[in-house]
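Values reported hereafter were calculated over all heavy atoms of this structure, with side chains retained and with hydrogens, waters and symmetry mates removed. Proteins get letters first, then strands, A, B, ... in listed order; numbering begins at 1 in each.
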Number of protein chains: 2
Amino acid sequence: MTETATATGTSTGAATRIGTGATGSKSEQAYAAVKARIVDGTYTPGYRLVLAKIAEDLGVSVVPVREAIRRLEAEGLVKFERNVGATVSGIDPTEYLYTMQTLSIVEGAATALSAPLIGEADVARARAVNEEMRECLQHFDPVRFTRLNQDFHSVLFEHCPNPHILDLVHRGWNRLASLRSSTFRFVPGRAHDSVDEHEALLRLIETGAGADDIEKAARLHRSATLDAYLAHTPAAVQAAATDHTAPQTPQQ
Amino acid sequence: MTETATATGTSTGAATRIGTGATGSKSEQAYAAVKARIVDGTYTPGYRLVLAKIAEDLGVSVVPVREAIRRLEAEGLVKFERNVGATVSGIDPTEYLYTMQTLSIVEGAATALSAPLIGEADVARARAVNEEMRECLQHFDPVRFTRLNQDFHSVLFEHCPNPHILDLVHRGWNRLASLRSSTFRFVPGRAHDSVDEHEALLRLIETGAGADDIEKAARLHRSATLDAYLAHTPAAVQAAATDHTAPQTPQQ
DNA sequence: GTAATAGTTATCGTATACGATTTCGTACTC
DNA sequence: GAGTACGAAATCGTATACGATAACTATTAC
């Protein structure tokens, strides 16, 4: 059921046609197409998703498009308002906090569960990716860094034996997709630490550390990113993020 | 009326007013109706959900019913097969394992995050519920026990400041809803331990224990239920549950 | 008697159509 | 001139219709 399509985004092209015939279901195609456009940034947060317009663009009727939108809503990628329409979910700092916190938990668990199943070849691959990331730091290539970062973590949790947890991880990543490189861009120092933490994680896995230790390390790795974000965020935003009772900001 | 149906929203929105009756949306009504029938056991696992039939029963057309079914699919309550139809998700032991494992993680996190926000009144209420559960053990009232169990845990995580995590917890509970009392029924000894673990959890919260300790305790509480289930399960089923190798369905 | 195959039925997937609701622009009143 | 009421346009929500696909059944060949 669950899509394991981790949209890496860049190379997919997101051509205006969906005639690739991937699954044969137009609803599925519409889902993939709209999702890709959100993930790769074609549809930016706040973008108004008009069913009829999307349907025309994709060459299908509104029914499968509507279904696709509702699915994306369930995943948190779009916000749907009755009798009004759908918009791409925004980068509301509160939402960012929620997503990162949730991701730190499920990703930590996924990594811990995967660890015993990660072989030497996987570790070697991940390490190579991490070294590439280190190079990106010097050439300042945030786009490539972000993609490599996903590749790295994919190695860590792709062997997760529990597909439910894996699915939750993928959903979290997708939610962050539209603002993935923001951390690197706005908190430069964080990226350096991140690479080091990656290496430490690999060491833990190599040495067959306990699941608890690996989980804690993976969780802290993400928490640190969140903390860095919050530390480099204006006080007002920070307050909104830490005040969980705050209502939604009526953006736009 | 099913209180669980009203308590569980789909998205992060806290404005789910299904309890007030009609939301005006037939899709929403269909969703609530079918979900309620699954949760309360009217539709048992494996039950074939024919769109046209449900539509007729509810007095609406197939379109909103289809949408409702897809939403339920996203929550894991039904299984949808292309060009074949939908069935209520089964009690596949493997799925049970996945769900319980996931729930142990998100519920543990939710409880730990809630703990600092739980007041004395909450603890007192939870303790009263737990004592009622103890009585249920003597009178052997599994139905009431199960409902009280939900009440107890609701107290623990209802203050969770992260709605995403809370939503995941609700989804897990709903998935288990149709077979909730099975543990109590098939593993009687487990219920006794469960009540004791509840009390221990309350003590931890009362004494202001660290988040890590609370999380671990909450997680173990559920893991123990899973283990008890597996221990009292035929070897063949157990093997299926522990064999993580092939969750993929090579469709197409 | 069994297996393969063609025909039938049930059900899904999607297009189209239309009523319902919201939003926006314009005119009107105070 | 500002605020309100009314009307038009845009968009959504749902019903209906029909082609597409899979499941079922009966028939026939071996």
Touch class at under 4.0 angstrom, heavy-atom based, for A/Ile69 against every strand present: nothing
Side chain to side chain donor-acceptor pair (under 3.5 Å) against B/Arg37, all qualifying residues, sequence neighbours excluded: none
Any residue meeting side-chain contact (heavy atoms from CB on, under 4.5 Å) with A/Arg144, in chain and number order, not counting sequence neighbours: A/Glu132, A/Cys136, A/Asp141, A/Leu148
Give each protein N/O atom lying under 3.5 Å from an N/O atom of nucleotides 13-18 of chain D, with the pair distance.
from: D/dG13; atom 1: OP1; to: A/Asn83; atom 2: N; distance (Å): 3.4
from: D/dG13; atom 1: OP2; to: A/Arg66; atom 2: NH1; distance (Å): 2.0
from: D/dG13; atom 1: OP2; to: A/Arg66; atom 2: NH2; distance (Å): 3.3
from: D/dT14; atom 1: OP1; to: B/Lys26; atom 2: N; distance (Å): 2.5
from: D/dA15; atom 1: OP1; to: B/Ser61; atom 2: N; distance (Å): 3.4
from: D/dA15; atom 1: OP2; to: B/Ser61; atom 2: N; distance (Å): 2.6
from: D/dA15; atom 1: OP2; to: B/Ser61; atom 2: OG; distance (Å): 2.4

Residues in salt bridge (charged side-chain N to carboxylate O under 4.0 Å, His left out) contact with B/Arg222, at least two apart in sequence or another chain: B/Glu107
Non-neighbouring partners of A/Tyr47 that pass ring-ring contact (aromatic ring centres under 6.0 Å, His included), sequence neighbours left out: A/Tyr43
Set of residues satisfying ring-ring contact (aromatic ring centres under 6.0 Å, His included) with respect to A/Phe152, sequence neighbours excluded: A/His198
